[in-house]
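First comes the structure, then the notes that go with it.
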There are 4 protein chains.
Amino acid sequence: MEQKLADKIKKINEEHLKMTDKQSRIIEVAIEEFSQNGFASTSTSQIAKKAGVAEGTIFKHYKNKKNLLLSIVTPTMTKLVAPFVMDGFDTVFDQEYKTFGDFLRAILKNRFEFMKDNLSILKIFMQEISFHPELQESYKEYIAQPLFKRLEDTITHFQEKGEIKELPVHTVIRFTVSTVMGLLFSRHIVSTDASWDDKSEIEMTVNLIVNGLSPES
Amino acid sequence: MEQKLADKIKKINEEHLKMTDKQSRIIEVAIEEFSQNGFASTSTSQIAKKAGVAEGTIFKHYKNKKNLLLSIVTPTMTKLVAPFVMDGFDTVFDQEYKTFGDFLRAILKNRFEFMKDNLSILKIFMQEISFHPELQESYKEYIAQPLFKRLEDTITHFQEKGEIKELPVHTVIRFTVSTVMGLLFSRHIVSTDASWDDKSEIEMTVNLIVNGLSPES
Amino acid sequence: MEQKLADKIKKINEEHLKMTDKQSRIIEVAIEEFSQNGFASTSTSQIAKKAGVAEGTIFKHYKNKKNLLLSIVTPTMTKLVAPFVMDGFDTVFDQEYKTFGDFLRAILKNRFEFMKDNLSILKIFMQEISFHPELQESYKEYIAQPLFKRLEDTITHFQEKGEIKELPVHTVIRFTVSTVMGLLFSRHIVSTDASWDDKSEIEMTVNLIVNGLSPES
Amino acid sequence: MEQKLADKIKKINEEHLKMTDKQSRIIEVAIEEFSQNGFASTSTSQIAKKAGVAEGTIFKHYKNKKNLLLSIVTPTMTKLVAPFVMDGFDTVFDQEYKTFGDFLRAILKNRFEFMKDNLSILKIFMQEISFHPELQESYKEYIAQPLFKRLEDTITHFQEKGEIKELPVHTVIRFTVSTVMGLLFSRHIVSTDASWDDKSEIEMTVNLIVNGLSPES
DNA sequence: TATGAATGAGAATTCATTCAT
DNA sequence: TATGAATGAATTCTCATTCAT
C-alpha cells in the first residue's frame with residue numbers, strides 16, 4: 001500500500017510539472033468554477049472562456065469533463081491523507097504519541113494548513129462524491145479505509161491505556177472526525193473574520209474531544 | 001416571529017392539501033431524483049416521465065425548475081426548526097431543563113425522527129444551499145438565526161449554572177452541532193445496518209458532548 | 001355590395017351588444033397586447049391573465065387565436081371604409097363635390113377621428129395583413145377594391161373637369177393615399193405633442209395634395 | 001459622426017468577409033423567412049433546416065435569435081443612409097443642387113436601386129422596429145436624426161431661395177418622405193407588373209412633390 | 001499543441017388547445 | 001358560461017464533444 005501511494009504521488013508531481021501554461025490555467029479556472037457553481041452547472045465553454053483557451057484545448061488534455069473533475073480532485077485528496085498512510089515519506093504520524101491529545105494536535109498542526117489551502121477542492125470533493133462512483137471508489141480505497149485503520153489502531157491503543165472511554169471504535173471515530181470537520185467548516189465560513197485565531201481554536205477543539213472521550217465521568 | 005412562522009406553517013399545510021394528485025407525484029419524484037442525482041443533473045423531463053405527467057404540467061405548478069426546488073426544500077426546513085422558535089405551538093423546548101444533557105436529549109428525541117423521515121430533503125438542502133442565494137436567505141432567517149439564538153440562551157444559562165465550561169459560545173455551539181450532525185450523517189450512511197441502535201447512539205452522543213463541555217478538566 | 005355590407009355592419013353591432021363582460025375584457029386586452037407586442041408574440045395565457053379570465057374562456061368565445069385576431073380586426077376595418085361604399089347609410093361621400101380639395105377635406109373630417117380612435121387596431125391590421133391570407137382576402141374585397149373604385153371615379157371626374165393633371169390614375173391614388181397615411185402616421189407618433197393641431201395639419205396636407213396634382217406647372 | 005459611421009461600415013464589411021459559408025447561408029435564409037413569415041413566427045429550427053446547418057450553429061454565431069435579427073437589419077440600414085451622412089465617402093449629396101427637384105432626383109437615382117435590392121430587409125425592419133427598443137435606438141441615432149438634419153438644411157435652403165412654400169419643416173419632410181415611401185411601397189407590390197417603369201414613376205413622383213411644395217398657389 | 005467551427009442530443013420553458021367539472 | 005388542470009408539440013438555447021486545419 002505504502003509503495004503504491006508513493007508512486008501515485010510521484011506521478012502526480014511529475015504530471016504537475018509537465019503542465020503547460022494553458023493547462024494550469026484550465027485547472028485553476030475549473031477549480032474556481034466548480035467550487036462556486038457546482039460541477040454540473042459549470043460548462044466547459046465557460047471554463048475555456050475564463051481560462052483564455054479554445055474549447056477544444058480542454059479536451060486535448062482531459063478527454064472528458066468528468067476526467068477533468070477527477071484530475072482536480074483525486075491528486076489533492078491523495079496528498080491529504082498521504083501522511084497517515086505512508087511510512088518513511090512523512091514520519092510525523094509514525095512515532096508513538098504519549099496522549100491521544102498529542103496525536104490530534106500533531107494531525108491538526110500538520111493537515112490544517114493543507115486543508116485551508118485546498119478548501120475549494122475539498123468542497124468540490126464533498127459536493128460531488130455522492131454522484132460519482134469513481135470518486136467513491138478511490139475515496140474508500142485511498143482515504144476512508146487507511147484513515148479508519150490508522151485511527152482504529154490509535155484509538156484502541158489509548159483505550160487499552162485507559163485514556164479513552166470504552167465506546168465502540170466507530171462511535172469514537174465519528175465523534176472525533178465530525179468535531180474536526182466542524183472546526184474546518186466554521187473556519188471556512190468565518191475566514192474573513194479577524195477575530196478568528198487558528199491556534200486557540202485548534203487547542204479548544206482538541207480539549208473538547210479529549211474531555212468528551214475521557215473515562216472519568 | 002412566532003406568529004409569522006405559525007402562519008407560514010399553516011400556509012404550507014394548506015397548500016399541501018390543495019395539491020392535485022399529479023402535483024404530489026411530481027414532488028415525490030423530484031425529491032427522489034434531486035437527492036439521488038443532484039438538482040442540476042436531474043432534468044424536468046426525467047421527473048415528468050417518472051411521475052407519469054406531461055412535462056408542461058410541472059411548469060403549470062412550479063414556474064421554474066428552481067421554484068420546484070424551493071417548493072420542496074423550504075417547507076421542510078421551516079418545519080424542522082419550528083419547535084425551536086415557536087412558543088405555544090410545540091412546548092417541548094419551552095420548559096426549563098435541569099441539565100444541558102436533558103436539553104439535548106429532548107431535542108434529539110423530538111427532531112431525530114423528523115430528520116430521519118426527511119433525509120432526502122435534508123440532503124438536497126445541504127447540497128444546494130451554497131448555490132442558491134434564495135436558499136441561503138431563508139436559511140439565515142428561518143433556521144440559523146433562531147436556532148443560534150435559542151442555543152446561545154441555553155448555553156449561557158448553563159454556563160452561569162457552572163455546568164458548561166467558559167468557552168466562547170460559538171465554539172460550544174459549533175462543537176455541539178457538528179457532533180449531532182455527525183451522528184445523523186453516520187446514521188444515514190449505515191442506515192441499512194441492523195446493528196445500529198438509535199437510542200444508545202443518541203445516549204452516547206449526548207454524553208460525549210456533555211463530558212466534552214464539562215468544566216472539571 | 002351595399003346591402004351585403006349593411007348586413008355585415010348590423011351583424012357586427014349585434015354581436016358587440018351580445019358580448020359578456022369577460023368577452024369585452026378579452027377583446028380590450030387583446031387589442032392592447034397585439035398592438036404592443038405583435039400578434040405572434042402575444043400568448044393567449046398572457047391575455048387571459050391580464051383580462052382576469054381563465055385560459056379556457058378565450059377559446060369558448062373564439063375557437064382560435066387567429067379567430068380572435070380576425071374578430072378584432074375585420075369589424076373595424078369594415079366600419080372604416082363603410083362610408084365610402086354604402087349608399088344611403090352614410091351620405092357624406094354621396095354628394096358631388098365642387099373640388100377635389102373639398103372631397104379630400106370631407107373624407108378627412110369624417111374618417112380621421114375614427115382612425116385616431118382605432119389606431120391600435122389599424123396598427124395590428126397593417127402589421128398582420130401580409131401574414132394572413134384571410135386578412136388579405138377581406139382587405140381586397142372590402143377595402144382596397146371599393147376604395148380604389150370610388151377614388152378612381154372621383155379622380156377621373158376631376159381630371160375631366162381639368163382640375164387634376166393627366167397622370168395615370170394609380171399614380172394619383174398612390175400619391176394621395178400615401179400622403180394621407182403619412183399624416184396619420186406622424187400624428188400617431190407625435191400624439192403627445194401639444195403643439196400638434198389636427199385642423200391645420202389636415203388643411204396643409206389637403207393643399208399639398210391639391211397643389212401637387214394641379215395641372216398648371 | 002462621419003468618422004464613426006465610416007468605421008461602422010468598414011467593420012460591417014470586414015465582418016461580412018470573415019463569414020463562414022454556413023454563416024452566410026444562415027443569414028440568407030433568415031432574411032427570406034423573416035420577411036415572409038415575420039420574425040416571431042420564424043423558428044430557428046426552420047432556418048437551420050433550410051440553411052442545411054445544425055441549429056446549434058446559428059447560436060454559435062449569433063448568441064440570440066434577436067441578435068440574428070439585429071445582425072441582419074442594422075448593417076443594411078446603416079448602409080442605406082450612409083451617403084446622406086458621410087462627407088467624402090460618397091459625394092453625391094455633397095454638392096449644391098440648383099433645385100429641390102434636382103436634389104430629390106439625385107437621391108432617388110442613388111438610393112432607389114439599393115432599396116430595391118434590399119426590400120426584404122427593409123420590410124423586416126419596418127415590421128419589427130416597433131417591437132425592439134434596440135432597433136428603435138439605432139434607428140433614431142443612425143437614420144432618423146442624420147436624415148432629418150440633412151433634409152432640414154436642404155429644405156430651409158430652398159425655402160430661403162423662395163422655391164419651397166413657407167410651411168413648418170416637419171410638414172414638408174413628412175410630405176416628401178411619405179410620398180417617396182409610397183412610391184417604393186407600390187413598386188414593391190406591383191413589382192412583377194411589366195408595365196411599371198421606374199424612371200417615369202420617379203419623375204412623376206418628384207414632380208408631384210415639387211408642385212405640392214411650390215409657393216405659387 | 002492549439003484552435004474554433006460545427007454538431008446533434010437534450011435542456012428548460014412556452015404555447016395553443018382540450019376537456020372534465 | 002366559465003374554469004383551470006393537463007397536455008404534447010414546438011421553441012429557444014446550451015452543452016459536451018469532434019475534427020479538419
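This is a predicted model, so every value here is computed, not measured. Residue numbering restarts at 1 for every chain, and letters A, B, ... go by the order of the sequence lines.
D:Leu68 has its CG atom 13 Å from the C1' atom of F:dC13, to the nearest Å. Distance CG (B:Asp21) to P (F:dG4): 19 Å, rounded to an integer number of Å. Rounded to a whole Å, the CD1 atom of D:Ile26 is 12 Å from the P atom of E:dA5. When the P atom of E:dT14 is taken as reference, atom CG of B:Asn67 falls 12 Å away, rounded to whole Å. As a whole-Å value, the separation of D:Lys65 NZ from F:dA10 P is 15 Å. One can place CD of C:Glu33 at 12 Å from P of E:dC15, the figure rounded to the nearest angstrom. For C:Arg25 and F:dT1, the CZ to P distance is 16 Å, given to the nearest whole Å. We find that OH of A:Tyr62 is positioned 14 Å from C1' of E:dA2, with the value rounded to whole Å.
D:Asn64 has no side-chain polar atom (N or O) that falls below the 4.0 Å cut-off from OP1 or OP2 of F:dT12. One finds a side-chain N or O of C:Ser43 lying less than 4.0 angstrom from the OP1 or OP2 phosphate oxygen of E:dC15. Contact check, A:His61 against E:dA2: a side-chain N or O comes under 4.0 Å of OP1 or OP2. Applying the 4.0 Å criterion to OP1 and OP2 of F:dT7, one finds that B:Lys22 has a side-chain N or O inside that range.
In this structure, C:Arg25 pairs ionically with C:Asp21, as a charged nitrogen and a carboxylate oxygen lie closer than 4.0 Å.
In this structure, the side chain of D:Ser120 does not engage the main chain of D:Ser35 through any donor-acceptor pair within 3.5 Å.
For A:Lys50 against A:Val29, the heavy-atom pair with the smallest separation is CB-CG1, 3.6 Å. Across all non-hydrogen atoms, the minimal contact from C:Thr76 to C:Ile72 is OG1-O, 3.7 Å. Listed here is the closest heavy atom pair of C:Val73 and C:Ile121: CA-CG2, 4.1 Å. Of all non-hydrogen atoms in A:Ser41 and B:Ala40, the two that sit nearest each other are OG-CB, 3.4 Å.
Between the side chains of C:Ser45 and C:Glu55, no donor-acceptor pair is found at a separation under 3.5 Å.
Residue D:Lys60 is in base contact, counting any heavy-atom pair closer than 4.0 Å across all strands shown.
Mapping A:Ala40 and D:Thr42 onto DNA chain F by nearest heavy atom places D:Thr42 at the nucleotide closer to the 5' end. Mapping A:Ile58 and C:Phe59 onto DNA chain E by nearest heavy atom places A:Ile58 closer to the 5' end of the strand.
Rounding to the nearest 0.5 angstrom, the gap separating the CE atom in B:Met126 from the CG atom in B:Leu135 is 12.0 Å. If you take OH on C:Tyr139 and CD on C:Gln136, they are separated by 10.0 Å, rounding to the nearest 0.5 Å.
Near DNA chain F, meaning a heavy atom under 4.0 Å from it, residues 44-57 of chain A has A:Thr44, A:Glu55 in order of number.
With a cut-off of 3.5 Å on both pairing distances, the Watson-Crick and G-U wobble pairs of DNA chain E assemble into stems of 3 or more at E:2-21 with F:2-21.
In this pair, B:Phe39 and B:Phe34 present their aromatic rings perpendicular. The plane angle is above 60°, beyond the 30 to 60° band.
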